[in-house]
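Start at 1 and go down the list; that is how both ligands and their atoms are numbered.
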Amino acid sequence: MKKATCILLCLALMAALAGCGQPAPSRRQSVFVDLFDTVTVVAGYAETDEAFNQTAQALHDCLLDYHRLFDIYETYDGINNLKTVNDSAGIAPVAVNREIIELLLLAREIYAQTDGAVNVAMGSVLAVWHDYRTAGLADPAHAALPPEETLRRAAEHCDIQNLVIDEQAGTVYLADPEMRLDVGAIAKGYAAGRAAETLAEAGVNRLLLSVGGNVCTVGGHPEGRPWSVGVQDPENLEGFVCAVSVYTGCVVTSGNYQRYYTVGGVDYHHIIDPDSLMPADHFNAVTVVCADSGLADALSTALFVLPYARGSALIESIDGAEAMWIVDAQTTRYSSGFEALITA
Ligand code: ADP
Ligand code: MG
């Protein structure tokens, strides 16, 4: 995540907190940059710095466990993670923690629910984009697009049927040796939700957690009013298009400004349409509000990929989920209950 986005995220959460009545002297915030290749902000209320820091550290440590399990780039001593699974494609099933099994079961449901718009088995295609983006950012003068043929060959190895989950044995196997998992579309939201739940069960409350813009509440606001979460303006990354009011739950945004590189004056971002194999180009950003954090993350990516009519039908079919599509600077669309959540 870019530094400007990080600062803005902090401001968004601060604005959210400041917007809730008179400034409380006990408002506090911690920022972590070692999780999920993005910026994590814990913000909220506590009686003492010590109490707040302890809670923020506990959230961090919980998220770090998920980060290591879901990492597709690094392995860690003593655990089998998703890189281990990817490296064992076509070779052997890998024994994994229950958390990995649960994430992948959710991913499979999401695939069905979104008609394949969100496909965690698309790792081979996403890796091609990742490599070209990384090279293009390192050397902008020579930034290039992936050749169509390379993308098409990679796309032959994205069949989610080849993701074999054996719940009883506790193993995961990729039956296609060329297939790779990439859980970037859902892992941050899933992990944020689980970490928030774990701490809430331990009695922690009065906090907002943002993992790279996946915002979750941890318990209610101390004044009993809703939290107010700012939604970044894609046209002016210093500002907000609106603030959304939630008592508990999650607010997640997928946008074309979050991770991209530039080729020949055109920006190419990181959310890929499985049909065209190119960055989806219907919207500048999509925000989803819903109770479940993993689902919210998956839906924001899905709605970013799907044309409005299909995305709208999908969100209206899910109880308690709402969405806002920022089509361009002039046009914004809302699901049936979203506007009622806007506070500013
Ligand atoms: P962010 O990770 O920036 O918050 P998203 O939640 O929308 O944004 O997820 C984007 C990430 O998901 C990409 O970086 C990539 O790893 C992965 N991804 C991109 N397109 C798809 C897709 N169609 N299906 C599944 N995963 C995708
Ligand atoms: Mg997502």
Side-chain angles (χ1 to χ4, degrees), residues 1-2 5-6 9 35-40 67 70-73 82-83 86 103-104 106-134 137 146 151 154-155 158-160 163 179-193 210-216 231-232 234 250-261 268-290 292-307 310-311 321 323 325:
M1 178 183 279
K2 296 191 306 297
T5 316
C6 154
L9 190 61
L35 301 165
F36 295 100
D37 191 25
T38 189
V39 177
T40 294
H67 166 98
F70 302 158
D71 199 332
I72 59 169
Y73 300 109
L82 286 183
K83 176 161 166 50
N86 279 345
L103 178 81
L104 295 178
L106 170 71
R108 217 150 60 175
E109 263 175 51
I110 295 297
Y111 178 91
Q113 209 170 3
T114 64
D115 250 344
V118 175
N119 180 8
V120 299
M122 236 171 82
S124 51
V125 167
L126 296 170
V128 172
W129 277 105
H130 180 270
D131 292 348
Y132 274 78
R133 186 171 62 248
T134 306
L137 288 170
L151 289 171
C158 300
D159 184 351
I160 201 162
L163 165 60
M179 181 170 141
R180 297 292 178 269
L181 296 175
D182 179 327
V183 293
I186 60 172
K188 290 190 296 293
Y190 178 85
S210 169
V211 183
N214 290 256
V215 179
C216 285
V231 178
Q232 194 169 15
C250 307
V251 182
V252 178
T253 299
S254 287
N256 61 8
Y257 52 88
Q258 286 168 331
R259 212 179 280 270
Y260 64 87
Y261 74 124
Y268 292 86
H269 64 78
H270 68 317
I271 304 174
I272 305 302
D273 182 334
D275 292 332
S276 66
L277 307 179
M278 297 296 287
D281 66 353
H282 306 294
F283 315 107
N284 287 338
V286 179
T287 297
V288 168
V289 179
C290 101
D292 183 274
S293 180
L295 181 62
D297 194 0
L299 286 174
S300 74
T301 308
L303 297 196
F304 192 89
V305 168
L306 292 169
R310 285 177 63 197
W325 293 259

Name the closest protein heavy atom to [atom], giving the residue it belongs to and the distance to 0.1 Å.
atom: atom 12 (O) of ligand 1; value: Ala185 N, 3.0 Å
atom: atom 27 (C) of ligand 1; value: Leu126 CD1, 3.7 Å
atom: atom 11 (C) of ligand 1; value: Gly184 C, 3.7 Å
atom: atom 23 (N) of ligand 1; value: Ile272 O, 2.8 Å
atom: atom 8 (O) of ligand 1; value: His270 NE2, 3.4 Å
atom: atom 5 (P) of ligand 1; value: Thr301 OG1, 3.3 Å
atom: atom 16 (O) of ligand 1; value: Asp182 OD1, 2.9 Å
atom: atom 24 (N) of ligand 1; value: Asn119 N, 3.0 Å

- Query: What residues form a side-chain hydrogen bond (donor to acceptor under 3.5 Å, both in side chains) with Asp292, not counting sequence neighbours?
  - Reply: none

- With sequence neighbours excluded, residues passing side-chain hydrogen bond (donor to acceptor under 3.5 Å, both in side chains) with Ser300: Ser254

Could you tell me whether ligand 1 has any atom less than 4.0 Å away from a heavy atom of [X]?
X: His130; answer: no
X: Gly189; answer: no
X: Arg259; answer: no

Numbering the atoms of ligand 1 from 1, which are under 4.0 Å from a heavy atom of [X]?
X: Ala117; result: 22 (C), 23 (N), 24 (N)
X: Val118; result: 24 (N), 25 (C)
X: Lys188; result: 1 (P), 2 (O), 4 (O)
X: Ser254; result: 5 (P), 6 (O), 7 (O)
X: Gln258; result: 3 (O)

- Task: Answer yes or no: does an N/O atom from Asp273 fall short of 3.5 Å to an N/O atom of ligand 1?
- Result: no

- Query: Is any side-chain heavy atom of Asn86 less than 4.5 Å from a side-chain heavy atom of Arg180?
  - Reply: yes

- Message: Could you tell me if the side chain of Asp37 sits less than 4.5 Å from the side chain of Arg259, heavy atoms only?
- Response: yes

Separation of [Y] [atom2] from [X] [atom1] (nearest 0.5 Å):
X: Trp129; Y: Ile272; atom1: CH2; atom2: CD1; value: 5.0 Å
X: Met179; Y: Met122; atom1: CE; atom2: CE; value: 12.0 Å
X: His130; Y: Thr134; atom1: NE2; atom2: OG1; value: 4.0 Å
X: Asp182; Y: Ile72; atom1: CG; atom2: CD1; value: 4.0 Å
X: Ile110; Y: Asn119; atom1: CD1; atom2: CG; value: 12.0 Å
X: Phe36; Y: Asp71; atom1: CZ; atom2: CG; value: 9.0 Å

- Query: Ala321 and Leu299: which non-hydrogen atoms are nearest, and at how many Å?
  - Reply: CB-CD1, 4.4 Å

- Message: Looking at every non-hydrogen atom in both residues, tell me the closest pair between Leu104 and Leu82 and how far apart they are.
- Response: CD1-CD2, 4.3 Å

- Run through the protein N/O/S atoms less than 2.8 Å from the Mg ion (ligand 2) and write them out by chain and number. Ala185 O, Asp297 O, Asp297 OD1, Thr301 OG1

Please tabulate, one pair per line, all N/O donor-acceptor pairs under 3.5 Å involving side-chain atoms of residues 281-289, not counting sequence neighbours.
residue: His282; atom: NE2; partner: Val305; partner atom: O; Å: 3.3
residue: Asn284; atom: OD1; partner: Asn256; partner atom: ND2; Å: 2.9
residue: Asn284; atom: ND2; partner: Glu235; partner atom: OE2; Å: 3.1
residue: Thr287; atom: OG1; partner: Thr253; partner atom: OG1; Å: 2.8

- Show your working on side-chain contact (heavy atoms from CB on, under 4.5 Å) between Lys188 and Thr38 and close with a plain yes or no. CA-CA 9 Å; Lys188 290 190 296 293; Thr38 189; 3.7 Å; yes

